[in-house]
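Notes to accompany the following structure.
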Amino acid sequence: MRFAHDTGLIFWSQLRSNLRNPMWVIIGLSQPILYLVLFGPLIKGIAPSLGDVDPWKILTPALVIQTGLMGSLYAGFAIISELRAGVIERQRVTPADRGALLLGRVLKDMAVLIVQALVLVGVAVLAFGLRPDPLGLVLSVLLIAVMSAGLAAASYALGLWAREEGTLASVLNSVTLPVTLLSGILLPMTVGPNWLQYIAKVNPFSHTVDAARALFRGDFGSTDVYLGTGITVAVALVLMVIGARSFARENA
């Protein structure tokens with residue numbers, strides 16, 4: 001009971017902080033919308049090579065994942081700011097559960113991502129005629145939120161370890177570029193050469209992208225859905241465990 005109470009306090013504290021300064025949320029959402037507006041027509045141009053699939057059902061779920069990747073991976077910058085302001089030191093001397101200090105922040109990031117995802121999908125529906133499967137839309141957003149939770153937990157722990165923005169930026173920039181390019185976010189990896197497809201399969205987030213696209217189509221029996229969901233949940237759990245242990249050690 002105390003754990004849930006402490007988690008709720010941290011969640012609402014973090015959410016209020018975001019609402020007072022929503023610029024990061026707006027920036028995180030504006031980039032995918034620009035991709036939707038500027039890159040979407042290119043996807044439509046190569047639609048015949050993608051088969052009988054709505055190109056917006058290929059691009060939109062991938063952009064939601066991109067939003068989750070960028071928002072979650074860079075969540076550690078916020079905790080560096082809190083560390084510098086003395087917020088973390090004050091929380092360390094409270095009786096709050098150390099797991100709640102992390103989980104409250106992670107849940108806030110999941111909530112922000114869900115709102116961003118719904119806004120992005122809403123733009124695609126209203127402006128570009130996207131018609132995702134309703135159940136598939138809900139399931140894909142939940143799947144991406146789980147992915148976001150694992151990445152955010154790891155990012156917070158990494159932020160406490162780095163303790164300054166330059167170090168954290170260097171680490172994250174070296175990770176995000178290959179992860180993004182090899183996940184098939186902008187284009188399905190099936191349009192690439194075989195050797196690139198083999199490399200991409202090692203990237204767990206490429207399976208998340210495939211699962212989200214299948215869910216958007218309402219193709220619930222697809223192998224991509226089961227494989228992508230299993231890999232995403234497993235990777236998220238591993239990252240959350242690693243992040244929680246590191247976070248607890250840094251807050252000891």
Side-chain angles (χ1 to χ4, degrees), residues 25 27-40 43 50 53-75 106 109-125 128 130 132-133 136-155 172 175-192 197 200-219 222 224-240:
V25 179
I27 292 174
L29 184 59
S30 62
Q31 186 181 33
I33 290 178
L34 283 176
Y35 271 109
L36 195 67
V37 174
L38 301 178
F39 198 79
I43 291 287
L50 302 176
V53 180
D54 182 356
W56 299 110
K57 291 181 181 179
I58 293 175
L59 181 61
T60 307
L63 291 180
V64 174
I65 292 176
Q66 182 188 46
T67 303
L69 279 171
M70 297 299 105
S72 301
L73 280 173
Y74 288 88
V106 169
D109 291 319
M110 292 177 70
V112 170
L113 170 62
I114 290 172
V115 172
Q116 289 176 319
L118 294 178
V119 171
L120 181 60
V121 172
V123 171
V125 168
F128 303 105
L130 171 69
D133 182 89
L137 169 61
V138 173
L139 293 177
S140 63
V141 170
L142 290 177
L143 178 65
I144 296 167
V146 170
M147 176 205 74
S148 172
L151 291 172
S155 181
L172 292 179
V175 171
T176 53
L177 181 61
V179 165
T180 302
L181 292 178
L182 292 174
S183 62
I185 283 178
L186 297 181
L187 287 174
M189 297 308 298
T190 53
V191 303
Q197 294 182 42
K201 287 180 181 178
V202 180
N203 178 9
F205 302 109
S206 68
H207 300 285
T208 308
V209 173
D210 291 340
R213 284 174 171 151
L215 288 170
F216 256 62
R217 298 193 303 267
D219 190 4
S222 171
D224 289 336
V225 172
Y226 298 104
L227 181 62
T229 300
I231 291 176
T232 301
V233 172
V235 170
L237 288 175
V238 169
L239 289 176
M240 289 187 74

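Given the structure is predicted, the values throughout are model-derived calculations rather than measurements. The figures here come from the full heavy-atom set of this structure, side chains too, leaving out hydrogens, waters and symmetry mates.
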Looking at OG1 of Thr229 and CG of Asp210, how far apart are the two atoms once the value is rounded to the nearest 0.5 Å?
-> 11.0 Å
Is it true that a side-chain atom of Ser140 and a backbone atom of Gly136 form a donor plus acceptor pair closer than 3.5 Å?
-> yes
Could you check if a side-chain atom of Val125 sits within less than 4.5 angstrom of a side-chain atom of Trp56, using non-hydrogen atoms only?
-> no
State, to 0.1 Å, how close Val141 and Ile114 come at their nearest heavy-atom pair, and which atoms those are.
-> CG1-CG1, 4.0 Å
Between Met240 and Ala153 the two heavy atoms that sit nearest each other are CA-CB, 4.0 Å
Heavy-atom closest contact (Arg213 atom, Lys57 atom, distance) = CG-O, 3.8 Å
Heavy-atom nearest pair, Leu113 first then Val64, reads CD1-O, 4.1 Å
Before giving the answer on side chain to side chain contact (heavy atoms under 4.5 Å, CB included), spell out for Asp133 and Arg217 the whole-Å C-alpha distance, their side-chain angles and the decisive distance to 0.1 Å.
-> CA-CA 6 Å; Asp133 182 89; Arg217 298 193 303 267; over 6 Å; no
Assess whether side chain to side chain contact (heavy atoms under 4.5 Å, CB included) is satisfied between Asp219 and Val225, documenting all intermediate values.
-> CA-CA 8 Å; Asp219 190 4; Val225 172; 5.7 Å; no
Pairwise side-chain contact, Leu137 with Leu215, heavy-atom cut-off 4.5 Å (strictly under) = no
Side-chain (Ser148) to main-chain (Ile144) donor-acceptor, under 3.5 angstrom = no
Looking at side-chain heavy atoms only, is the closest gap between Tyr74 and Leu69 below 4.5 Å?
-> no
So how far is it from Met70 CE to Leu151 CG, rounded to the nearest 0.5 Å?
-> 9.0 Å
Closest approach of Thr60 and Leu120, non-hydrogen atoms and distance?
-> O-CD2, 4.4 Å
Between the side chain of Asn203 and the main-chain N/O of Val179, is any donor-acceptor distance below 3.5 Å?
-> yes
Could you walk me through whether Ile231 and Thr208 pass side chain to side chain contact (heavy atoms under 4.5 Å, CB included), step by step?
-> CA-CA 8 Å; Ile231 291 176; Thr208 308; 5.9 Å; no
When rounded to the nearest 0.5 angstrom, what is the spacing between CG in Leu142 and OG1 in Thr232?
-> 12.5 Å
Modelled atom types, side-chain donor and acceptor of Ser206 and Ser183, under 3.5 Å | no
Flag, side chain of His207 to backbone of Lys201, donor-acceptor distance under 3.5 Å = yes
From Thr176 OG1 over to Gln66 CD, what is the distance, rounded to the nearest 0.5 angstrom?
-> 10.5 Å
Do you know which two heavy atoms are closest between Gly150 and Leu239, and how far apart they sit?
-> O-CB, 3.4 Å
CD1 on Ile185 to OG1 on Thr180, rounded to 0.5 Å = 5.0 Å
Test side chain to side chain contact (heavy atoms under 4.5 Å, CB included) on Phe205 and Leu182 and set out the steps.
-> CA-CA 8 Å; Phe205 302 109; Leu182 292 174; over 6 Å; no
Inter-residue atom distance Leu172.CG - Ser155.OG, 0.5 Å rounding = 5.5 Å
